[in-house]
Amino acid sequence: MRNSQYRQIKRIAVIGAGTMGAQIAAHIANVGIPCDLLDIPPTELTAEERANGLTLDSPVVRNRIAQSALDRMKSAKTRSPFYVSDAAELIRVGNFHDHAEWLADADWIIEAVVENLDVKKQVHGRIDQHRRHGTLVSSNTSGISIRTVAEDLSEDYQECFLGAHFFNPPRYMYLIELIPTEATRPDLIEFISGFAEHTLGKGVVRCKDTPNFIANRIGIFSIMHAIHLMLEEGYTIDEVDAITGPPMGRPRSATFRLGDIIGLDVLVDVANNVYENAPDDERREVFRVPDFILQMVEKGWHGEKTGGGFYQRRRGENGSEIWTLDYNTLEYVPRSEVQFDSIGKIRRIADTGERLKALICSDDRAGRFAWECFSHTMCYAAARIPEIADDLESIDKVMKWGFNWELGIFEAWDAIGVPESAARIKSENYAIPPLVENLLESGRTSFYKTSSTSKPVKSNADASLTDMGDGVLCLEFHSKMNTIDNPSIEMMFEALDEVERNFKGLVIGNHADNFSVGANLALMLERARNGDWEALEGMISAYQRANMRFRLSPKPVVAAPAGMALGGGCEIAFGADRVCAAAETYIGLVEVGVGLIPAAGGVKEMAIRCLEDVPLDADVELFPHVKRAFETVAYAKVSESAAGAKQLGYLRETDTVSINRTHHLQDAKQLVLAMGAEGYQEPQPREVLVLGGTGLDPLRSEIDLAQRAGRLSDHDVKILNQLAFVLCGGELTTPQYVSEDYLLELEREAFLGLCGEEKTHQRIEYTLKTGKPLRN
Ligand code: NAI
């Protein structure tokens, strides 16, 4: 038997290029692994193929399904499955009939064909004829029994086979459920868990081979229960979605919008799977699909993919409108604004557990519905241990990582109070699962031990310093969306003082969804409107000095951005010696959108970065590099991943990328320690090469041209001229070296000038209201 310790995955094959298979292949390419993507040869020609004289035997036709899946992914406008479009080059497309021999090159074969046992069995039979002995094989299924898929195959096949259930979309959803069977070799389970976690960056949960595994067992229960409750108690679809989304700590897609995303046909199949294959489930009837949904599926109303499901988008008088299904008549009606007292009251409670508790204790229609939904799902989940999972953490993880719930079921149960809710459940005459009875009988009152979080070293309203251990300090922002203003900046200085005195190095990072969305625009607008220049200047120069001190710190500083790192958030990352970015980092200098230019060192850093790797030979043109940096900031470009940030020049090639979000801050800490161990040298201020008039003049001409072509407003022109001025080092006639401080001064002056512009105020105000940029 080969030892999995030394196993390597150098090439992967994915069979089935549908929604899941194609995107799984894209994610494999994202992490730099070559991947073959195979589907079936089509049985009919398209009109275009016929017109081009192609036949069903033409190779382009035979590879068409996988090829068009790849093309669609490459041209995705939003939420691309690829980190950067170049990754697509790692995917080789083919078809399972002509290219089955490719499987002999694969170290892992992922089957992601339709959810149909017979088809899956047939595909695995064919894989067995072509794969190398000992090659790992997995099935991506929503809930089919894994053991059954491979039951007719060889012993070696069964030993190398398991379920690997990715969630949609595979790049963005953190969860992967791994479902070994009794035959799967333990060393292979270990190996693939490690690979999924450390190479693919996924949150791994091991499941038992029971219908729908964990996430879809509990998640579909929760959806189906809400639907039955709605029918019994006479709620509307709009009401249910208003209650079961953010007020309960769940995504906006709530119940029915989620159903439309999943697809009603799929929802029915997945619910039926439990109904048919878990006959002893005490809540089996919940999985029985109501008539109105069966009728919808029959009519082809499958949700988003067919243009209508529980909701339908229509052209109305004011553009596109969303209408909601009336399930009594199966007609769509205009969406009704739903108002509940309880939801109005709890909306502002930031803590999810407290919000949920306040909601379920409210005695109105929303409160009662939320309680019914939540208490039944809690009890159902508790009764599934040990049937589907041995521990409650697994159930909590899948709901957070696979359904994006803010709290796991048992975390939420702790938050609302286990004894109180158990008493309420009993008073309503339904049974408490033994797991909960036992817990309470043992005298404990919560599922999780309350962890004693270590006291921060220092803290204020917007930021804290915590000790990460091993001599590394962490500066963590925690204001709303992690916007930056004076308290955060003060804590930046505190961090620097503290690191110099008592630590080996510093990580700037946090566990929030977004690293920082930049300066607090609301406060800036208020100061600008009040003409409080002293406060504005004080804030921006302190911000610059803090970032400069990060850059020159005698101890290593690593920034660990994740999610959005915009404007001032991006500039903080620029201040660090190195960046350890989460793979999912959306970073960019977006100030132009709100009528400003970056002024906490952002333009200065772009000036440094755009030329630092360019050889200074007489025959190398420098201007194109400066122009590119100018355009990046002028268009307020934001990267769609950490890899994309390197292409835009926001990150350097030497910056690292951390693939698994759970390990991100630890990775950043390790980088600090490694930099120390390698003999960190205190950086010195740099002399920065700027182009002066040789850059500024052509940039001004470009701006002028764009204005004449009607692509820029007068205010755009004013902002972009300021940006060009700072980036090129101001009024200098020839290229020359200038100090960082000189560039910072130019940034500051330009920034304060723009803060005095009414049109800039209007842009800021609009963005604060709508989240979008205003072109004025
Ligand atoms: P899909 O219907 O979009 O794609 C299935 C693909 O398999 C099609 O392109 C089809 O041509 C191909 N195929 C069928 N028979 C084949 C064969 N013999 N050889 C090669 N290719 C073949 O399905 P989707 O949504 O991608 O689902 C695939 C699997 O993943 C299913 O088991 C599904 O339950 C599971 N899944 C789906 C999720 C979703 O959100 N769509 C989420 C998680 C799991």
Side-chain angles (χ1 to χ4, degrees), residues 13-27 36-44 61-73 79 81 93-100 102-103 109-130 137-146 148-149 163-179 202 207 211-217 219-220 223 253 258-274 302-306 398 401-404:
V14 177
I15 300 169
T19 311
M20 292 304 287
Q23 294 188 85
I24 292 169
H27 192 61
D36 294 331
L37 179 62
L38 307 173
D39 207 284
I40 39 176
T43 49
E44 275 176 43
V61 175
R62 292 179 72 75
N63 296 342
R64 186 224 302 150
I65 298 184
Q67 183 65 53
S68 32
L70 181 62
D71 293 344
R72 270 197 306 278
M73 294 197 295
R79 302 264 286 172
V93 295
N95 69 79
F96 198 25
H97 285 238
D98 304 337
H99 305 112
W102 289 357
L103 296 188
I109 299 165
I110 298 174
E111 168 271 302
V113 304
V114 283
E115 184 80 343
N116 175 311
L117 180 59
D118 292 336
V119 177
K120 285 194 190 280
K121 279 185 143 179
Q122 197 198 337
V123 167
H124 285 276
R126 195 162 154 75
I127 296 174
D128 199 14
Q129 293 164 18
H130 293 277
V137 187
S138 67
S139 177
N140 191 70
T141 154
S142 304
I144 291 182
S145 154
I146 299 297
T148 319
V149 171
H165 180 198
F166 288 83
F167 283 68
N168 190 15
R171 167 181 165 186
Y172 298 95
M173 292 302 286
Y174 187 54
L175 179 63
I176 183 167
E177 290 183 325
L178 292 184
I179 310 106
K202 295 289 144 205
C207 303
N212 290 9
F213 319 124
I214 307 180
N216 281 341
R217 182 72 170 269
I220 301 296
I223 294 174
S253 49
L258 178 62
D260 278 352
I261 295 170
I262 297 175
L264 272 69
D265 49 338
V266 176
L267 189 68
V268 168
D269 282 348
V270 184
N272 278 341
N273 193 42
V274 178
H302 293 180
E304 276 185 0
K305 58 188 167 191
T306 60
V398 300
W401 300 348
F403 278 83
N404 289 333

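In listed order, ligands and their atoms are each counted from 1.
Annotation: atom 11 (O) of ligand 1 to nearest protein heavy atom, D39 OD1, 2.6 Å. At the top of the distance list for atom 3 (O) of ligand 1, counting protein heavy atoms only, stands T19 N, 3.0 Å. Nearest protein heavy-atom contact of atom 4 (O) of ligand 1 is G18 CA, 3.2 Å.
Which parts of ligand 1 touch V123 is read off a 4.0 Å heavy-atom cut-off, strictly below it: atoms 17 (C), 18 (N), 19 (N). Atom numbering of ligand 1 starts at 1 in the shown order; those under 4.0 Å from a heavy atom of T141 are 32 (O). Taking every non-hydrogen atom of I40 and a distance limit under 4.0 Å, the qualifying atoms of ligand 1 come out as 11 (O), 16 (C), 17 (C), 18 (N), 19 (N), 20 (C), 21 (N). Applying the 4.0 Å criterion to heavy atoms of V119 picks out, from ligand 1, the atoms 15 (N). Close approach to F166 involves these atoms of ligand 1, each under 4.0 Å from a residue heavy atom: 43 (C).
Proximity of a side-chain donor or acceptor of N140 to a complementary backbone N or O of F166 within less than 3.5 Å is detected. In this structure a side-chain-to-backbone donor-acceptor pair under 3.5 Å is present from K202 to M173.
For atom 20 (C) of ligand 1, the candidate residues are I15, N95, V270, N116; the nearest heavy-atom contact is made by I15. Scanning E115, K305, E111 for the heavy atom closest to atom 32 (O) of ligand 1 points to E115. Here atom 38 (C) of ligand 1 lies nearest to M20 when heavy atoms of M20, K120, H97 are compared. In the candidate list N140, V114, V113, V113 is nearest to atom 28 (C) of ligand 1, counting heavy atoms.
Counted by atom type alone, E115 and T141 present one or more donor-acceptor pairs between their side chains at under 3.5 Å. In this model, a donor atom of one side chain and an acceptor atom of the other lie less than 3.5 Å apart for D71 and Q67.
No side-chain heavy atom of D39 sits under 4.5 Å from any side-chain heavy atom of F96. Side chains of H124 and V137 form a contact here, defined as non-hydrogen atoms less than 4.5 Å apart. The shortest side-chain heavy-atom distance between F403 and L258 falls under the 4.5 Å cut-off. You'll find the side chain of I65 stays beyond 4.5 Å of the side chain of N95, heavy atoms only. Residues S253 and I261 are in side-chain contact: their nearest non-hydrogen atoms beyond the backbone lie under 4.5 Å apart.
For the pair K305 and D265, the salt-bridge criterion is met [side-chain N within less than 4.0 Å of a carboxylate O].
Residue-to-ligand polar distances keep H165 apart from ligand 1: every N/O pair is separated by 3.5 Å or more. At least one N/O-N/O distance between N168 and ligand 1 falls below 3.5 Å.
Protein heavy atoms are absent from the space less than 4.0 angstrom from atom 23 (O) of ligand 1.
At a 4.0 Å heavy-atom cut-off, ligand 1 touches S142 through backbone and side chain alike.
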